[in-house]
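For reference, the structure is listed below as structure tokens.
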Amino acid sequence: MGAEEDKKLIIDTLKGKTTKTKFYLKDFNKMFPERRPREVSKLVNEMVAEGLLEYWSTGSTTMIGLKGAGIQHEAEDSDQ
Amino acid sequence: MAKRKTPMLDELENGKWPSFVSDIKQEAEKRKTSDIDFQTPKEVCDDLLDLLELSFKDREGHWKHGGVAGVFGYGGGVIGRYCDQPEEFPAVKDFHTLRVNQPSSYFYKTEFLRQMCELWERRGSGITNMHGSTGDIILLGTTTPQIEEIFWELTHNLKQDLGGSGSNLRSPNCCIGKSRCEFACYDTQEACRNLTLEFQDELHRPSFGYKFKMKFDGCPNGCVASIARSDMSVIGTWKDDIRIDQEAVRAYVAGEFKPDGGGFAGRDWGPFDIVKEVIDLCPTHCMAWNGNKLGINNRECNRCMHCINTMPRALRIGKETGASILFGAKAPILEGAQLSTLTIPFMPMEEPFNEIKELIGKIWDWWSEEGRSRERLGELMQRKGFAKFLEVCEVKADPRMIKEPRSNPYIFWKEADIPGGWERDIKDFRKRHQK
Ligand code: HEM
Ligand code: HEM
Ligand code: SF4
Ligand code: SF4
């Protein structure tokens, strides 16, 4: 798969989730079961730099979501 | 807005100890009369105090938890904090914390500190915490639009980078090491700086399921408490013998040198008694004193540092120095608090530190692969067992990893390790063993 296809898969998968807007890095690993986690985190970080995804952090843990999706602070209704 | 009536907080100013309430009030007053070109609300300290008073009254916090606040391209270093009463306390509506990577061992020029304080009063709240448990300089409280501005000034004018937060490598941290301390078994500052630079990507961009901390103690005295506070604890040690200056030992016994560097000066502890204060306190009972000569059975010494701390002019660390590397310390979320476990009894610690970097790579790969979200390395080690962890590190089990028989994890043999495997010839066996 090329990088563009990978990114599309990520975006489509996240858009397909109706109940959640913030995800752990592990959730991205699951989208690419045959890849090493470090490759996946590189891809995710690249997508943040491109403005497609954004980090959301408690200070202790980091989650990742589509840019602008869901609440910008406090995850009252997320199931973390 | 800023009304500042804080009877309950005021109670915290009583007593002889320092008070954060007094400190914040001082800053609040300063902001009223200062001619600084404030880029953040002038009343930020007043609102902060009022909000805390309200929390005391309500017995509830008024801060939300987490957010997207950050610097472009960085997934750490900024901790978003938003107040849940923004109408009443507009000056602390957003009150983000910045973690700034500290210089190794906290060496500052006063010029740097002045610049940093000036920046933080202008673009933040003026409130700092030097330093957080992570080791970073903590700058407490700024607004969202200021974050990028501060980052620019920090990196361009102060030449200081943000530290780690979230699911990142956290800012590595070290003791004062060889710059000041004769006990240092390796250059902790060099190791800390080298690994910080090596792992910039992991520090700034979340690549793990949770946080990862590494701390560097120059010797087992553990001045940064790496064994309790870091997923990877690097603790200086030596392989050969403690160096003894018998002349100086006798001088301690004769009262010519003060034991513990004169540390017990507050009251009269009586004359120094080497048997009571050193020989009998050696945890491995490997020392002897015959009234004239000190002997150490170095094979049994576990490098606790007690004798060296007590008589530093007479005893010195060995010459073949390096570090022990331990993994898995953590605070109690799952399974309770845990100290790090000895994994590499001895590793030389020299630039360019390739051996430890390689080890870290193996462990991060395993942790990323097998770890659950929000699972610390120490929890994964517990879940999978120490034998598995040793396999990941590609090291063999070693008696030095074991404190005492019966309290350690079982070692399971693999078929490949057994000559002939699991299969055996029952007839051959029966030749030697009756039914
Ligand atoms: C009674 C209330 C609170 C308690 C008991 C508490 C406790 C703690 C503790 C134990 C730490 C770790 C300390 C360290 O790493 O140095 C911490 C860190 C932190 N707290 Fe709180 N906290 C409280 C309120 C707050 C509030 C109101 C805020 C924000 C306005 C806040 C923001 C933070 C931040 C940003 C950190 C990380 C700082 C660092 O890196 O050192 N906390 N807190
Ligand atoms: C290399 C050989 C041996 C190994 C690896 C071994 C291993 C063990 C282990 C792991 C236990 C459980 C310990 C515990 O739960 O605290 C145990 C218990 C025991 N073993 Fe062995 N054993 C060995 C040889 C022997 C021999 C030769 C005998 C008797 C002649 C023996 C008698 C016992 C007894 C009676 C117990 C129960 C002790 C108790 O309840 O505290 N073992 N052994
Ligand atoms: S940990 Fe050891 S080497 Fe480092 S400052 Fe403390 S006593 Fe010195
Ligand atoms: S360092 Fe500790 S264990 Fe070693 S000889 Fe001294 S007191 Fe004993």
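Residue numbers start from 1 in every chain, and the chains themselves are labelled A, B, ... in the order their sequence lines are given, proteins ahead of strands.
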Closest non-hydrogen atom pair between [X] and [Y], with its separation:
X: B/Phe72; Y: A/Ala49; answer: CZ-O, 2.9 Å
X: B/Asp365; Y: A/Arg36; answer: OD2-NH2, 2.7 Å
X: B/Arg170; Y: A/Gly59; answer: NH2-O, 3.5 Å

Subject >> Part of A/Asp27 lying under 4.5 Å from any heavy atom of chain B >> reply: neither
**OP:** Applying side-chain contact (heavy atoms from CB on, under 4.5 Å), run through B/Ser207 and A/Lys42 and close with a yes or a no.
**Re:** CA-CA 8 Å; B/Ser207 30; A/Lys42 277 221 166 73; over 6 Å; no
Original post:
Going by an N to O cut-off under 4.0 Å, is there a salt bridge joining B/Glu202 and A/Arg38?
Top reply: yes
**OP:** Select one option (side chain, backbone, both, neither) describing which atoms of B/Asp84 are under 4.5 Å from chain A's heavy atoms.
**Re:** neither
Original post:
Is B/Lys362 atom NZ crowded by more than 12 heavy atoms from other residues, nucleotides or ligands, each under 6.0 Å away?
Top reply: yes
**OP:** Please say whether more than 12 non-hydrogen atoms of neighbouring residues, nucleotides or ligands are located less than 6.0 Å from NZ in A/Lys8.
**Re:** no
Subject >> Side chains of B/Pro206 and A/Asn45 in contact at under 4.5 Å (non-hydrogen atoms) >> reply: yes
**OP:** Check for a donor-acceptor pair, side chain of A/Lys26 on one end and backbone N or O of B/Phe208 on the other, with a separation under 3.5 Å.
**Re:** no
**OP:** Examine distances only and state if a side-chain atom of B/Ser167 and a backbone atom of A/Thr62 form a donor-acceptor pair shorter than 3.5 Å.
**Re:** yes
